[in-house]
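Structure first, commentary second.
One is the number of the first residue; the rest follow in order along the sequence.
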Amino acid sequence: MDFELRAAKAKLEKEQKERKDKARAKLERERKAKHEAIRHREAIEVVQSIRRIDAAEAQLKASQQMEESLLVGKGVVFYSILEALQYEGLGDKIKLPPSCFNKLSDQGALDKGPMYFRLTKLHQESLPTLEAIEQKNQGTTHSGVLEFTALDGFVELPPHVWSNLFSLNSPNAPLVEVRYVRLPKGTYARLQPDRRGFSDIPNHKAVLETSLRQHATLSEGDVITVNHGEISYKLRVLELKPSSSISVLETDIEVDIEGSESTSEGMKSNVLAPLAIGKAESGIAEEGKYVYYKFSIDSDISRIITSGNASITVKLEMDNEGGDIDLYVSKHPVIFPTQHQHEWSSHDIGSKVLILSSKDSSPRAGTHSIGVFGFKGTTQYKVSVNIQDNGSSSSMGEVATSSTSVLDANSVECRNCKHYIPSRTISLHEAYCARHNVMCQYVGCGVVLRREEAANHVHCEKCARAFQQREVEKHMKVFHEPLHCSCGVILEKEAMVHHQSSICPLRLVTCQFCGDMVQAGNTASDVRDRLKGLSEHESLCGSRTAPCDSCGRSVMLKEMDIHRIVVHQKS
């Protein structure tokens with residue numbers, strides 16, 4: 001009996017314990033479920049809070065960007081992501097699609113004056129979001145607009161804008177953010193050329209001004225390309241005022257040109273090394289390459305040379321055998337004399353001397369250039385410029401003028417050398433002269449030579465010029481080898497020099513209105529301009545207006561002289 005009672009009691013206790021354990025486990029599950037619900041609700045609230053904060057920040061950023069757009073656009077908000085294409089053109093003016101014109105026109109942008117745009121490069125793989133624009137841009141510049149003829153979704157950029165935005169390995173059609181902005185008129189710019197030699201250009205600031213007429217904007221960090229003839233200079237914009245990006249339209253800008261930091265050996269061929277008068281400079285000329293120098297003549301020296309009392313001597317001495325060099329000299333504005341363009345030249349074998357006197361084209365006050373051309377091999381040389389008093393070289397003049405002096409009444413002409421000799425010594429002279437001297441029989445020559453030198457004295461069959469036998473090869477190559485002009489004409493050396501100095505439409509001339517060296521081009525299309533002798537460039541350049549100094553009226557530059565005579569009776 002007791003056994004059954006104990007078994008029933010144990011069973012009851014076990015059941016009660018199991019019910020307690022189940023109740024405890026249920027309470028624990030309910031507690032954990034409640035805790036998880038609370039954590040989940042808190043997580044949802046955190047996410048919602050973050051989303052609200054992000055939305056607020058996005059809205060604030062959008063508001064700030066809208067305010068910025070309104071500020072920089074002076075009430076005009078225009079923003080577009082376009083694919084960039086390159087087109088051949090000058091300056092910094094871009095081409096936009098017609099849809100952009102409609103958006104700008106609807107906001108009255110056309111009534112606010114010239115339109116300017118900030119261009120920002122975007123990563124191709126990035127989404128065009130605000131963060132992507134801020135974090136993924138690689139280049140920013142500014143530009144004007146040329147026309148609205150681009151395809152929808154594209155913007156066409158000239159080389160200047162393209163090179164300032166993109167690297168060489170950029171994709172064919174990178175994404176660009178185009179944003180309308182207003183820019184202040186510039187007052188100051190500090191530029192630095194990529195290499196030496198830019199300041200050697202005559203009136204180089206006028207050349208820069210001419211180049212900037214093709215631009216609407218400037219931005220710090222941009223690189224401007226300035227062309228002077230066949231030479232291009234790149235100038236980096238270091239500083240601008242009153243802001244880092246400015247408008248250059250209808251404004252006067254003070255420009256400072258800093259010296260170049262470049263010391264690249266490859267740039268020496270287009271650099272003028274200063275050469276002091278009376279001091280020799282040593283150098284090495286490699287075959288087919290030029291080395292350039294410059295020297296200056298002041299007004300006092302120019303007057304002395306013009307009067308005939310002195311002359312300038314350019315001397316080129318070779319320091320080694322086996323090579324050969326040529327010497328070219330030019331007046332500025334031709335700053336880099338070549339075999340095509342020069343004023344004086346010497347092609348003698350060995351050392352050379354050029355005498356610049358008043359007898360031919362007199363050196364005028366200003367800067368002159370010397371070009372040393374490596375004709376053959378590598379040659380070491382010394383070049384110098386000296387002022388030579390013509391009185392000290394009177395013996396040379398006496399030799400040249402002795403044949404024109406008053407002849408002695410008792411003089412007799414030698415039958416061999418044709419010189420007049422006193423009659424008392426004519427017999428001895430003719431005997432000696434016949435044994436040792438011989439006259440060149442070439443028509444028009446008549447020079448008397450020593451018999452041992454006669455074999456080396458030859459004349460060119462084409463130009464009849466006299467020289468030594470060893471100079472034949474160089475003479476034929478220099479003077480009679482056909483040369484090709486960029487305009488398509490093929491001429492020999494002397495004809496080519498004349499062609500490129502006075503005939504070639506691609507020759508460089510100084511514009512009387514802008515002072516820049518420009519291509520002469522064809523004759524002006526306007527009959528009145530042709531009668532004035534204006535070139536094609538001068539006809540267009542002279543059409544710009546400027547205020548008259550006397551009355552302030554805007555007058556075309558090419559008609560300013562007539563205006564002063566007719567209106568103000570000034571000659």
Side-chain angles (χ1 to χ4, degrees), residues 72-73 76 78-101 103-104 109 113-124 126 128 133 136-186 189 191-194 208-227 232-240 243-251 253:
V72 299
V76 177
F78 172 81
Y79 161 88
S80 183
I81 300 292
L82 302 171
E83 293 186 68
L85 299 176
Q86 189 174 4
Y87 80 94
E88 291 301 323
L90 300 175
D92 66 344
K93 296 179 176 62
I94 63 176
K95 296 181 182 180
L96 291 171
S99 58
C100 295
F101 175 82
K103 294 178 182 178
L104 291 166
M115 290 183 286
Y116 308 107
F117 299 90
R118 183 171 65 206
L119 308 178
T120 305
K121 178 189 173 182
L122 305 178
H123 266 295
Q124 190 77 20
S126 299
I133 293 172
K136 298 293 186 177
N137 66 82
Q138 288 187 333
T140 300
T141 188
H142 292 75
S143 72
V145 60
L146 180 64
E147 55 190 31
F148 294 88
T149 58
L151 297 175
D152 283 338
F154 292 89
V155 56
E156 297 184 21
L157 311 179
H160 166 78
V161 177
W162 186 278
S163 61
N164 283 310
L165 275 182
F166 309 122
S167 59
L168 296 177
N169 56 357
S170 295
N172 293 331
L175 291 178
V176 175
E177 174 203 354
V178 181
R179 185 181 297 276
Y180 176 90
V181 296
R182 300 297 299 169
L183 297 179
K185 290 187 176 182
L191 311 177
Q192 184 180 48
D194 63 335
L208 177 61
E209 179 184 351
T210 301
S211 178
L212 287 180
R213 287 199 198 106
Q214 300 163 349
H215 290 254
T217 67
L218 281 181
S219 299
E220 290 182 1
D222 279 1
V223 175
I224 307 169
T225 301
V226 178
N227 297 314
S232 294
Y233 297 91
K234 294 185 181 299
L235 287 79
R236 181 170 294 278
V237 182
L238 300 182
E239 182 183 359
L240 296 171
S243 68
S244 59
S245 300
I246 60 172
S247 166
V248 296
L249 297 178
E250 299 178 355
T251 181
I253 300 178

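Of all non-hydrogen atoms in Pro159 and Tyr87, the two that sit nearest each other are CD-O, 3.3 Å. For Gly89 against Pro158, the heavy-atom pair with the smallest separation is O-CB, 4.0 Å. Nearest heavy-atom pair, Gly153 versus Pro97, reported as atom, atom and distance to 0.1 Å: N-CG, 4.4 Å. Pairing each heavy atom of Ile81 with each of Leu175, the nearest pair is CG2-CD2, 4.2 Å. The two residues Ser247 and Leu183 make their nearest non-hydrogen contact at N-CB, 4.0 Å. Nearest heavy atoms, Gly139 versus Leu165: O-CD2, 3.4 Å.
If you run side chain to side chain contact (heavy atoms under 4.5 Å, CB included) between Ile94 and each of Leu82, Leu146, Leu119, only Leu119 comes through. Checking each of Thr149, Leu85, Val145 against Lys95 for a side chain to side chain contact (heavy atoms under 4.5 Å, CB included) leaves exactly one that passes, namely Thr149. Under the side chain to side chain contact (heavy atoms under 4.5 Å, CB included) test applied with Leu240, the options Ile246, Thr217, Ile253 reduce to a single match, Ile246.
Summarising the geometry, atom OH belonging to Tyr233 is positioned 15.0 Å from atom CG belonging to Leu191; distances are rounded to the nearest 0.5 Å. Expressed to the nearest 0.5 Å, how far NZ of Lys93 lies from CD of Glu147 amounts to 12.0 Å. Asp92 contributes atom CG, which lies 8.5 Å from atom CG of Asp222 (distance to the nearest 0.5 angstrom). Summarising the geometry, atom CZ belonging to Arg236 is positioned 9.0 Å from atom CD belonging to Gln192; distances are rounded to the nearest 0.5 Å. Taken from NZ in Lys234 to OG1 in Thr225, the straight-line distance is 3.0 Å, to the nearest 0.5 Å. Interatomic distance, CZ of Arg118 versus OH of Tyr79, reported as 11.0 Å (0.5 Å rounding).
Side-chain contact between His160 and His215 is present, with at least one heavy-atom pair separated by less than 4.5 Å. Residues Phe117 and Val161 form no side-chain contact, since every pair of their non-hydrogen atoms from C-beta on lies 4.5 Å or further apart. Taking 4.5 Å as the limit, some side-chain heavy atom of Leu104 sits within range of a side-chain heavy atom of Phe148.
Aromatic ring centres of Phe78 and Tyr180 lie farther apart than the 6.0 Å criterion allows.
Remark: the backbone N or O of Thr141 is not paired with any side-chain donor or acceptor of Ser219 at under 3.5 angstrom.
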